[in-house]
Structure formats: C-alpha cells, structure tokens
Amino acid sequence: GGILARDPVKVVIALTVLAAALRFATLDVQSVWLDESATIVLVKRGLGGLLSHLSESESSPPLYYVLAWFWTKVFGTGVIGFRSMSALIGTLTVPAMYGAGRQISARVGLWAAALATVNPAMYYYSQEARAYGLLVLFSAVALMFWLQAMREPTTRSLWSWAAFSALALLTHYFAVFMFLPELLLLWRRLGTRRLLGPVGLVVVVGAALLPLALDQQSSGKASWIEESSLPSRVAEAVKQFLIGLGAPLTVVAAVVCGLLSLAAILRLARHADQRERSAGVDVLIVAVAAVGLPAVISLSKVVDVFDGRNVIAAWTAFALLIALGLGTAARSRGANVLGAAICALFAALVVAVNVIPAYQRDDWRGVAGVVRSAGPQAIVVAPDQGLLPMSIYLPSLRIDRASSVSTSELEFVALRAKRSGRSPLAPVVPTTPPAGYRLASVTRHESYAVARFVSTAPVTLSRAELQHDGFGAETEVISRD
C-alpha cells in the first residue's frame, strides 16, 4: 500500500529528484576539510602532474582523480565545481540501489533507493570531493549485476559485474573485499570455466594497480589509522553506516537506528519466502565479508588499514539487507511504518548536521575568514596540516620554516576536538599573551576559535615561544606572501 504501491519507476524518479535537491542545494554549507583540500590541490595540476604526484598525495587508485580533473575543466576548480561531481555521483547511487534491489523485487528496490536517498553517510560522501562516493556507486552497480548473474548467469550479466567491479577497484583498493565474496558465491554456483574471462579482467586491473598500491603503502600516509584500536574503528564503521560521520546524540541515534535496522533484517528472517531468504543469505555473506576480511587482515598486523571510510562500499550490501526485510513478499503495515521511521530518522540527522556546525567538517573557511582580516605581516599558529585547507580559501598563505619570526601580530587557531560517540570538545586557544604582546580579540565559533595578539612594534619570537600555552610541536607556523 501507500507510496510503494505506485508505479515504481515514478517513485524512483521522485526519490532521485529528492536526492539531487538534498545534495546540490547544500553543497557549500560546510567548509572544505583537510582531505578534500588535498584532492583540490592535486586535481588543479595538469593531468601529467596529477598522475605523477598521485602516489605522494593519495592512498587510492587514480580513477576518481582523473574523472575529477576532466570534470573541473567544465565546471571549474572552485569548491562547488569539485563537489558537484560527488553530488551527481551520490544522486545516481539512488537508481543504482533500486536496480540492485529490483533483482529481488520492485518493493525491495524501492526501499533500497529510499535508504540511499536519505542515509547520512551517503549524503556525506555526496558532499565531499573524495573518491568514496564513486566507490559506492560502482559497488552498487556491480552488486546489481552480481545479483542478476546469481539468478540468471548470462554472458552480459557476468561481464557487466566484472567491469563495474574493475571500475570500483580503480577507484579504491577496498573494492576487492566486495568482489571476493561475490566471486566465491558465483564460483560455487557456476564453477570455474564461465568465470575465467570476467574474473581475468578484474585480475588484470588489480595486477596493474599493484605497483602503485605498494608504493603508496610504503609511504606511510595511512599510518594514522593505526593510532586508534581496531575494535574502536570497527564500532566507528558501524556507526558511520547508520548515522554518518558525525551527529548529535551520537550514541542514542546510533542505537535507535541500529535497533530499527535489526528489526528490518529480522523481518527478513521471519517473513521472507524461499527466494528472498536465499538472496538475503548471499547478500549477508557479501556484507559481512566486505567488513570482516579487512578487519581480519588488520588484526593479523600484515597491514592495518581498516577504517570506516575504506569499507564504505559494504554499506550497499547492508542497506540491501534492510531493504529486503522491509520489502518482503509478506507485506505488512508494520514494515512500511518501520521503513518510514528509519528514513525519517536518517533525514532528521541530515538536517541536524546542516544546522549544527559542531558536527560538520572542520570549518577552515571560517578560520580563513578571520585570518583574512589580520594584517599582512601576521603570523598564524595553526594545528598541524592546517595550511592546506586554509589555503583553499586564502591562497596567499605559506609555511614559515624559520627558527624565529618577527611580527607585531599573532593569530592562534584551534579546532573543536571530535570524540567518537560523544559531543565534540570546544576549541581552546591561549589567552595569555606572549611577552611584548597584548590580547586584541578572541573569535569563538562552535567548531573553531582564533586568538589575536598584537604589539606596538615587531617582536622576535622563537618557534618554541610560538608553541606556548598548550600549542605543542603538532602545529604549523604560517605567514602570508
């Protein structure tokens, strides 16, 4: 009954339009943050420079960056220009998820599309100039053709599955953890011979990427991941699937979303017919393997790169499981109420993050606006790696590596501290002036603070003196050209 009883194509179009409206209308609400700024700086190079600097700048394959390079030739290299590609990708994920669910039934497809429309994580990656949204899109399409091949293993379905798996792998290395369980389940059904050609395509792509992957791994750019324990990262990944990367009332929201999602999956176990149950088991294997395999590899310490962002492709399989529970042939009013509750909670979290800056990306745009009002000779002491995102909004900034500086104006910048499962801590800046200065102003915002100190004449300060009052070695000293 209700909206799901209408022509499914019309409903998918309506959901896709809603997804586009949500994503494009709010593209510039949040500031660019560190990882996005790395993308922007890389893509602003020539194509040759982009490819030659990829290894030192990024830990993922080249496809997203090459596509973004061409995209910005048409839509510009501003923040909107970059993010608009992600918004389009995120919008296209909605019909892709419908296509995946449609392999089981139109109702399952519609619920999968509805979840993709308002899920906070899918919304987040639709607003970010990074590769994760494209990984999700290709993984969703590969999942669609895989389900088709499991039901009707035609040459077209098998090669299409392999082609989109290869595109996903060219976007992010962790796509392999979706591909492997899908391959295993197809092999169990079809044997080796029919899979040799399609699988060979993915193997060739993987082999071609291997030298780049090894080079990127040896650079240590992903070593920050190991700073958190593996159990906390697994919990963070589960939270991200449910409520996105940041949300008010994090624990409560995650628990409620988790219980509602579990109730939907339990409906699948209790009410599904044989075909739905069989598809559910296969999708569950893919979902668990896509998260479990990299977790086991990290646990083994062979290489530890498990992170919620890296396993985001698995969201497609988990969402399909929930959609299966909501769209079983054994329809009930309860399933529609349950699905509507999940979608309403998702949408409420998306709105909340858009209106509460403390849960948004680091606000380097706001920081740059304050720093812009400083004198041209001002020295800025910012958190480590602060220059890159700040320079997107204030290109005249540069790192000052001198052992001492002479200036009549100092700006100390701090960001709010994010805490997993808890509210962020307010940003803290020093208010005691260095010798020879007085406190001129403190600008406080939910997500950043800037303390400004001035003196009547330039004062020479050592780097150690600049890193006073809680500002330790993990800072950057920045000046303006």
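One distance of note links NE2 of His172 with CD1 of Ile312; it measures 10.5 Å at 0.5 Å rounding. Distance OG/Ser37 to CZ/Phe82: 10.5 Å, rounded to 0.5 Å. In this structure, the separation between CG on Leu439 and CZ on Phe412 is 11.0 Å, given to the nearest 0.5 Å.
For the pair Arg480 (side chain) and Val371 (backbone), a donor-acceptor distance under 3.5 Å is present. Put simply, the side chain of Asp400 gets close to the backbone of Ala402: a donor and an acceptor are under 3.5 Å apart. Between the Thr250 side chain and the Gly246 main chain, no donor and acceptor come within less than 3.5 Å of each other.
In the model, Tyr124 has a side-chain atom that pairs as donor or acceptor with a side-chain atom of Arg309 under 3.5 Å. No hydrogens or angles considered: nothing links the side chains of Ser31 and Gln360 as a donor-acceptor pair under 3.5 Å.
The shortest non-hydrogen separation linking Cys343 to Trp111 is SG-CZ3, 4.3 Å.
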Notebook entry, point to check: Between Glu236 and Lys239, is a salt bridge (Lys or Arg N to Asp or Glu O under 4.0 Å) present by the stated rule, with each step listed?
Noted result: CA-CA 5 Å; Glu236 185 69 21; Lys239 183 216 79 173; 2.7 Å; yes

Next item on the list: Could you give me the CA-CA distance, side-chain angles and deciding distance for Phe138 and Leu143, then say whether side chain to side chain contact (heavy atoms under 4.5 Å, CB included) is met?
Entry: CA-CA 8 Å; Phe138 286 146; Leu143 190 64; over 6 Å; no

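Taking the charged nitrogens against the carboxylate oxygens, Arg398 and Glu476 have no contact shorter than 4.0 Å, which rules out a salt bridge. Under a 4.0 Å N-O distance rule, the pair Arg452/Glu409 qualifies as a salt bridge.
For the pairing with Val450, the side-chain contact (heavy atoms from CB on, under 4.5 Å) check across His445, Glu411, Arg444 returns one residue only, Glu411. Under the salt bridge (charged side-chain N to carboxylate O under 4.0 Å, His left out) rule, Glu36 has a single partner from Arg365, Arg130, Arg83, which is Arg83.
Side-chain contact between Trp33 and Pro389: absent, with no pair of heavy atoms (C-beta onward) separated by less than 4.5 Å. With a 4.5 Å cut-off on side-chain heavy atoms, Thr39 and Tyr65 count as touching. Using a 4.5 Å cut-off on side-chain heavy atoms (C-beta onward), Tyr437 and Ser408 make no contact. Side chains of Arg416 and Pro427 form a contact here, defined as non-hydrogen atoms less than 4.5 Å apart.
Remark: Lys73 qualifies as a cation-pi partner of Trp69 under the 6.0 Å distance and 45° angle criteria applied to the six-membered ring.
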